[in-house]
Amino acid sequence: MQKTSFALKKKGKKLGVVLTMGYLHAGHLSLVQIAKKNSHVVILTLFVNPTQFAAHEDLNRYPQDMKGDLKKCREAGVDYVFLPTISEMYSKHFETFVTTTKISLPLCGASRPGHFRGVTTIVSKLFLITQPDVAVFGKKDFQQLAVIRRMADDLNFPIRIIGAPIVREKDGLALSSRNVYLTSEERKNAVGISTALFWVRNQIKSGETRLTILMSHLKNKLFSCGLRLDYAECVHSENLTPLTHYQKGKTLFAVACFAGKTRLIDNVVV
Ligand code: AMP
C-alpha cells in the first residue's frame, strides 16, 4: 500500500483517505464523496482495530461483510481498498503507541480507558502507510475527530483533516455499523437519542440557554426512552472542556447510551 501511495504521489496525484472498521453504510460513503471532491485518488481502509477495544467490548462480534463492503466501495468510486490482517498491523514485537494526554480524557475517553490510545496509534500507522494529503472523518465520532486533529497538529502530519456531517436515518438516528445489533424495541428506543439532542438545539434556538436546565431535561428524556445513560455532557467543541455557560456555535452536547447491550453515541454542536 505504501509503495502504491508513493508511486501515485510521484505522478502528482493528491490522495484522500477514509479510515473505517467496515460494515459500510451511507455515513461512510458520504466521507468517500467528500474525499473524492478533495483529492484525485481515494483510498478506503477497512480494519477492525483490536487495540481500541477493551476486553469486555464487541471486538469479536463486530459486524463484518467484506463482499458487501467491496461492492459498495466499487459503486462509490473508491480507487483502492486497504484491508490488512491483524498480524500485518501488529507484529509480535509491536510496542509503540501514540497517545494524546488531555483531549482523550473526557467523554468516551473516560468510559473507554485506552480506547483513544488505540485510535491514535492505528490512525498514525494508517496515515504513514497510505500517505494521504487529505483524510475525512465523521463528526458522529466528534471526540475522535478532535483527538485526531490534535495528534496531526502535534506530530506534524502533513495532512488536511476534514470533518464530515453526521448522516442519519429518516427518523434522526445516526447511522452506525452497531445499529445492526438493535432489536426492534431497542431501535424504537434508540431514536430517543437524536430526538433529545434536537430538542436541546430547538430550546436554545427559542432562547433557553441555561445549561443545567437543558442537561437535566436531556438526561430525563433519554431515561424515559428506556436508554441507559453512559454519559451526557456539555463541553466546548474545540477543546472538550466542560462549559458552565452556553457559547454560541461552540457548545457540544455529547451523549453515549446503551440500548440493551449496544452502546450508541451521538452529538449536536449548537
Ligand atoms: P467506523 O467504521 O465506525 O470506525 O467509522 C469510520 C468513519 O466513518 C469515522 O470517521 C466515523 O466518524 C464515520 N462515520 C460513522 N458513522 C457516521 C455517520 N452516521 N455519519 C458520518 N460519518 C460517520
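Computation of the quantities below employed the complete heavy-atom set of this structure, encompassing side-chain atoms and omitting hydrogens, waters and symmetry-equivalent molecules. Start at 1 and go down the list; that is how both ligands and their atoms are numbered.
Atom 10 (O) of ligand 1 has as its closest protein heavy atom G138 N, 2.9 Å. Scanning the protein heavy atoms around atom 4 (O) of ligand 1, the nearest turns out to be M21 CG, 3.6 Å. Distance from atom 21 (C) of ligand 1 to its nearest protein heavy atom, with residue and atom name: P165 O, 3.4 Å. The nearest protein atom to atom 16 (N) of ligand 1, hydrogens excluded, is given as H25 CE1, 3.3 Å; this is a heavy-atom distance.
Remark: the backbone N or O of H25 is paired with a side-chain donor or acceptor of H28 at under 3.5 angstrom. Between the side chain of D79 and the backbone N or O of I43 there is no donor-acceptor pair closer than 3.5 Å.
Taking distance alone, with nitrogen or oxygen atoms compared against 3.5 Å, L31 stays at or beyond that limit from ligand 1. Polar contact with ligand 1: present for D141 (N/O pair, distance under 3.5 Å).
Of the candidates L19, L24, V167, the one placing a heavy atom closest to atom 18 (C) of ligand 1 is V167. Closest heavy-atom approach to atom 9 (C) of ligand 1 within the set Q144, K140, H28: this belongs to Q144.
Listed by number with element, the atoms of ligand 1 under 4.0 angstrom from any heavy atom of T20 are 2 (O), 6 (C). For ligand 1, the atoms sitting less than 4.0 Å from at least one non-hydrogen atom of I166 are 20 (N), 21 (C), numbered in the order shown with element in parentheses. Contact atoms of ligand 1 toward F137: 10 (O) (distance under 4.0 Å to a heavy atom of the residue). Counting the atoms of ligand 1 from 1 in the order shown, those under 4.0 Å from a heavy atom of L175 are 16 (N), 17 (C), 18 (C), 19 (N).
L126 approaches T130 most closely through the heavy-atom pair O-OG1, 2.7 Å. Between L243 and H236, the closest heavy-atom pair is CG-N, 3.5 Å.
You'll find the side chain of F47 stays beyond 4.5 Å of the side chain of L19, heavy atoms only.
By the 6.0 Å and 45° rule, R61 stacks over the aromatic ring of Y181.
The closest approach between a heavy atom of A26 and any atom of ligand 1 is not below 4.0 Å. Within the 4.0 Å heavy-atom cutoff, R178 does not count among the residues contacting ligand 1.
Residues satisfying the salt bridge (charged side-chain N to carboxylate O under 4.0 Å, His left out) criterion with K250, sequence neighbours excluded, are E238. Judged as a salt bridge (charged side-chain N to carboxylate O under 4.0 Å, His left out), and not counting sequence neighbours, D141 has no contacts.
The pair R187-D171 meets the salt-bridge criterion, since a charged nitrogen lies less than 4.0 angstrom from a carboxylate oxygen.
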